[in-house]
Amino acid sequence: MPGDGIGKIVLAEAIRVLQAVRFDAEYVFADIGWRHWCTEGNPLPDRTLKLLRQHKVGLFGAITSKPQAEAAAELAPELQDRGLQYYSPIVGLRREFNLDVCIRPCRTFPGNPLNFVQRGSDEKILEPEIDVVVFRQNTEGLYCGVEWTDPPEQVRRAFSTHPKFKSFEGVPGEELAITCRIFTRAACERILRAAFKYAQKFGYKSVTLCEKPNVMRATGGMFREVAKVVAKDFPGIALWETNIDAQMMWLTKNPAEYGVIVASNMFGDIGSDGFAGLIGGLGFAASANIGQDVAVFEPTHGSAPKYAELDPPIVNPCAMILSAAMMLTHLEEREMAQRIYEAIGGVIKEGRVCTYDMLFLKGGPEVIEQGAATTAEMTSAIIGKLST
Ligand code: IPM
Ligand code: MG
């Protein structure tokens, strides 16, 4: 599912790397994204769902999303005024296939110029080595989609049974918006077990539950309760707890201390971008969305439409290639995945081939003269470093 903009570009590069490690697969292309919203009124066509249901493993590039009013305006004339509502197809995929476990590794590649550094007391530059893996609950919480502007009367009545709703009772409907944060015990347990199992399998010493149970007592409190029970099954792994706000502060103070982090949907979204910023940003941020039957692997960057037109392309393909490597790990092709990680690490350590982001340049056609590698050159350098 290449999707929109640079999604098409980076996905093709990832497939080149998969072929170079001789991953034996047939690639079936599926439609997703903005073009299908405009022409069909659905960014996630049923035929794509059918293909995924059949093949079970997906690589996803990126998609363009626009605000509701713009989305409505770009619909084909015959689809206008039908009350169609744009929604994010990746959020749709997560819900459709219950891809409830989202994994986002944030690991330092030594030598990456974009690595987070600190200044030590003696003016020495410290470069903490970060190895964090964020486990984000991917289907519930603030992303559950249960929300209203101008809530219907029966909803208002239901909310009125809560004493804290008193102060909102006089607010006129059109001035009131409600988005619910819904947790289920089963989903809390699944993300927590997935996180602890991963910690055990890959040798992490702690799992940090990053929440806000002091304020959101019902939902955060339930997550915490389940965490304590699940942790008992993993005696060798410590359960730590942080609040999301404090976590965002600590991630620049002591990022090397953390291992696996578990969070609800929105806090996982925030925390994973926070940690990704320390290891090179969106050009290096890979992710897996895993359900019971289907799994989809995607870079966390967007479709960057303004870079999609550049010829040759200059965007960093590493996040997509790392996402493909996560797919290999998921399929228990761990050795192939390892070769890809090592090859990327090798290219970065050597420092000869850098995409524009790694040279702190603003993206544009001139970056190539300024020494930046093209997308294809970066991929080729990685392929050239693959061990045999
Ligand atoms: C992510 C993105 C998505 C999200 C957007 C594109 C809907 O930010 O994958 O982190 O919020 O989950
Ligand atoms: Mg995000």
Side-chain angles (χ1 to χ4, degrees), residues 1-8 10-11 14 32-37 42-44 48 58-68 70-71 85-106 132-147 179-183 187 191 210 244 247-248 251 261-291 294-308 315-316 318-320 322-324 326-327:
M1 293 169 283
D4 302 310
I6 63 163
K8 293 191 187 67
V10 292
L11 184 54
I32 197 164
W34 193 251
R35 192 161 56 89
H36 304 284
W37 161 253
N42 184 1
L44 179 55
T48 297
L59 281 173
F60 173 84
I63 40 104
T64 301
S65 287
K66 299 186 188 180
Q68 232 28 277
E70 270 172 76
Q85 291 272 321
Y86 181 79
Y87 64 94
S88 162
I90 182 64
V91 175
L93 271 184
R94 292 170 188 162
R95 304 204 71 204
E96 176 70 29
F97 294 106
N98 195 21
L99 308 177
D100 63 329
V101 173
C102 176
I103 312 177
R104 299 189 158 180
C106 299
V132 163
V133 185
V134 177
F135 275 69
R136 165 187 185 189
Q137 204 297 323
N138 218 20
T139 47
E140 304 190 335
L142 281 169
Y143 281 63
C144 69
V146 180
E147 56 176 6
T179 298
C180 298
R181 182 170 125 124
I182 302 180
F183 281 26
I191 192 72
C210 176
I244 177 69
Q247 183 70 70
M248 295 310 283
L251 71 81
I261 295 203
V262 194
S264 59
N265 213 335
M266 181 58 88
F267 296 164
D269 183 41
I270 296 169
S272 61
D273 271 10
F275 275 105
L278 308 178
I279 56 102
L282 292 176
F284 294 90
S287 77
N289 303 275
I290 298 177
V294 172
V296 174
F297 301 83
E298 51 150 347
T300 64
H301 60 63
S303 63
K306 66 177 182 211
Y307 295 155
V315 291
N316 187 342
C318 286
M320 184 78 237
L322 287 164
S323 304
M326 291 188 79
M327 174 191 76

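We count ligands from 1, going down the list as the structure has it; atoms in each ligand are counted the same way.
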Query - salt_bridge(Glu298, Arg94) N-O dist < 4.0 Å - result: yes
Query raised in the report: What is the closest protein heavy atom to atom 11 (O) of ligand 1, and at what distance does it sit?
Result: Tyr143 OH, 2.5 Å
Report summary line: With heavy atoms and a 4.0 Å threshold, my read on which part of His301 contacts ligand 1 is neither
Query raised in the report: With a cut-off of under 6.0 Å to the ring centre and 45° to the axis, is Arg136 in cation-pi contact with Tyr143?
Result: yes
Query raised in the report: Step by step, would you call Phe60 with Leu11 a side-chain contact (heavy atoms from CB on, under 4.5 Å)?
Result: CA-CA 7 Å; Phe60 173 84; Leu11 184 54; over 6 Å; no
Query raised in the report: Is the distance from the Mg ion (ligand 2) to some N, O or S atom of Asp273 under 2.8 Å?
Result: no
Report summary line: Here the atoms of ligand 1 under 4.0 Å from any heavy atom belonging to Arg94 are 1 (C), 4 (C), 9 (O), 12 (O)
Query raised in the report: Do any heavy atoms of Met266 fall under 4.0 Å from ligand 1?
Result: no
Report task. Around atom 2 (C) of ligand 1, find the nearest protein heavy atom and jot down its residue, atom name and distance. Result -> Asp269 OD1, 4.0 Å
Query raised in the report: How far apart are the closest heavy atoms of Lys66 and Glu70, and which atoms are they?
Result: CD-OE1, 3.8 Å
Requested in this report: With heavy atoms only and a cut-off of under 4.0 Å, state how Thr300 meets ligand 1: side chain, backbone, both or neither.
Outcome: neither
**Report entry** side chain to side chain donor-acceptor pair (under 3.5 Å) assessment of Thr64 paired with Ser303
**Finding:** CA-CA 6 Å; Thr64 301; Ser303 63; 2.7 Å; yes
**Report entry** Closer than 4.0 Å: a protein non-hydrogen atom to atom 7 (C) of ligand 1
**Finding:** yes
Query raised in the report: Ala319 and Ala285: which non-hydrogen atoms are nearest, and at how many Å?
Result: CB-O, 3.5 Å
Query - Top protein contact for atom 1 (C) of ligand 1, by heavy-atom distance - result: Arg104 NH2, 3.3 Å
Query raised in the report: Mind checking whether Arg136 has an N or O less than 3.5 Å away from an N or O of ligand 1?
Result: yes
Query raised in the report: Does the ring centre of Tyr86 sit less than 6.0 Å away from the ring centre of Trp34?
Result: yes
**Report entry** Working for side chain to side chain donor-acceptor pair (under 3.5 Å), residues Asn138 and Asn289
**Finding:** CA-CA 8 Å; Asn138 218 20; Asn289 303 275; 2.7 Å; yes
Query raised in the report: So which bit of Val91 gets within less than 4.0 Å of ligand 1, heavy atoms only: side chain, backbone, both or neither?
Result: side chain
Query raised in the report: Taking the N/O/S atoms of Asp269 one by one, which is nearest to the Mg ion (ligand 2)?
Result: OD1
